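Everything numeric here is computed off the predicted structure, so don't read it as measured data. In listed order, ligands and their atoms are each counted from 1.
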Amino acid sequence: MDEWSSGEIYESYVGRWSRLVAKEFVAWLDQPEALTWLDVGCGTGALTSTILSTASPAAVLGVDRSAGFVDYARKTVQDERARFEVRSAEELTDESFDVVVSGLVLNFLPDRVEALRKLRSIGKTVAVYVWDYADGMQLMKYFWDVVGDLRPADRDQDEGLRFPFCSAEGLEGLFTEAGFADVTTRAIDVPTVFASFDDYWKPFLGGQGVAPAYLRTLDESAQAAVRDVLRDRLPTEADGSIDLTARVWAARAVS
Ligand SMILES: C[S@@+](CC[C@H](N)C(=O)[O-])C[C@H]1O[C@@H](n2cnc3c(N)ncnc32)[C@H](O)[C@@H]1O
């Protein structure tokens, strides 16, 4: 169960945090100027726009299977070096690139090894990041821990359980199975500071992404029960802000 269509709502749920990760991720890749880049599952353009603003690329192609997200990226990323296509990771052409990247997408692909094999065949450097769902992605972990406590029958919806390969070892294993040697992994931590409980909670009501799509399946009183326990559990500062952190695991290799 996932849902990706409204760029604005996605930005408030995860896009704003992916943008912080993208900055560190692109700096870590430390690629020379004037390269060609492919951003697979570009969404609203978080990673593409960071590549454009920090890596001086010759060109960046962003592809995503969501027409709504591609539309949002086209409207908000105004740069003649960028182009966007509605295309799934399973429908990539044989066009080759110096650097192929993908942020927060690999775990949603049904055949991850096959997808990485394809990226290896078209990219010289291939690099991805995924949330550390099981631990360091706190805004989601708080949510799923509450769901697991209130609704044990739904525990299997928890992204931490569904995506156990979202770890350094997991990514290394997938890359190795796809034929890469010398895979490098690292964690990237970013602050996710919410001005208030509403700032934390409202994006969950928008239906964009896995946890919000799950929440939509609950009736009003069940949603309110999750909300109220979360409000009690989240570490809230005197001014009402909630200071969490989010971690991704990133992996890179050359083909
Ligand atoms: C969590 S979002 C990440 C978006 C963006 N890369 C970012 O970091 O903000 C996951 C994205 O993967 C896309 N996606 C899911 N399955 C896909 C597939 N098979 N091919 C291409 N994109 C896919 C979704 O449409 C969505 O934009």
Inset, instruction - Give the atoms of ligand 1, by number and element, whose distance to some non-hydrogen atom of Ser66 is under 4.0 Å. - result: 25 (O)
Inset, instruction - With atom 15 (C) of ligand 1 as the reference point, say which of Gln208, Arg19, Glu11, Arg65 has the nearest heavy atom. - result: Arg65
Legend entry - From Phe143 atom CZ to Asp158 atom CG, the distance as rounded to the nearest 0.5 Å: 9.5 Å
Inset, instruction - Report yes if some N/O of Gly103 lies less than 3.5 Å from some N/O of ligand 1; otherwise report no. - result: yes
Inset, instruction - Counting heavy atoms only, name the option from Ala89, Ala46, Ser88, Gly41 that's nearest to atom 5 (C) of ligand 1. - result: Gly41
Legend entry - Among Arg16, Glu90, Arg87, closest by any non-hydrogen atom to atom 19 (N) of ligand 1: Glu90
Legend entry - Residue pair Ser241 / Asp239, side-chain donor-acceptor N/O under 3.5 Å: yes
Inset, instruction - Ignoring hydrogens and angles, state whether a donor on the side chain of Arg19 or Ser49 is under 3.5 Å from an acceptor on the partner side chain. - result: yes
Inset, instruction - State the atoms of ligand 1, each with its element, that fall below the 4.0 Å cut-off from a heavy-atom position in Val105. - result: 11 (C), 12 (O)
Between side-chain atoms of residues 170-178 and protein atoms elsewhere (two or more places apart, or another chain), which donor-acceptor pairs fall under 3.5 Å?
residue, atom, partner, partner atom, Å
Thr176, OG1, Glu172, O, 2.6

Legend entry - Sub-3.5 Å N/O-N/O distance, Asp39 and ligand 1: no
Inset, instruction - Can you pull out the closest protein heavy atom to atom 2 (S) of ligand 1? Residue, atom name and distance to 0.1 Å, please. - result: Tyr10 OH, 3.4 Å
Check residues 220-232 and write down every donor-acceptor pair under 3.5 Å in which the side-chain atom is one partner and the other belongs to a residue at least two apart or another chain.
residue, atom, partner, partner atom, Å
Ser221, OG, Asp219, OD1, 3.2
Gln223, NE2, Leu215, O, 3.0
Gln223, NE2, Leu218, O, 3.1

Legend entry - Any N or O of Ser18 closer than 3.5 Å to N or O of ligand 1: yes
Inset, instruction - Give a yes or no on this: more than 12 heavy atoms of other residues, nucleotides or ligands lie within 6.0 Å of atom CD of Glu95. - result: yes
Inset, instruction - Using the six-membered ring wherever Trp is involved, compare the ring planes of Trp28 and Phe25 and label them parallel, tilted or perpendicular (cut-offs 30° and 60°). - result: tilted
Inset, instruction - Could you see which bit of Leu109 sits under 4.0 Å from ligand 1, with heavy atoms only: side chain, backbone, both or neither? - result: side chain
Inset, instruction - Any atoms of ligand 1 less than 4.0 Å from a non-hydrogen atom of Cys42? List them with their elements. - result: 5 (C), 6 (N)
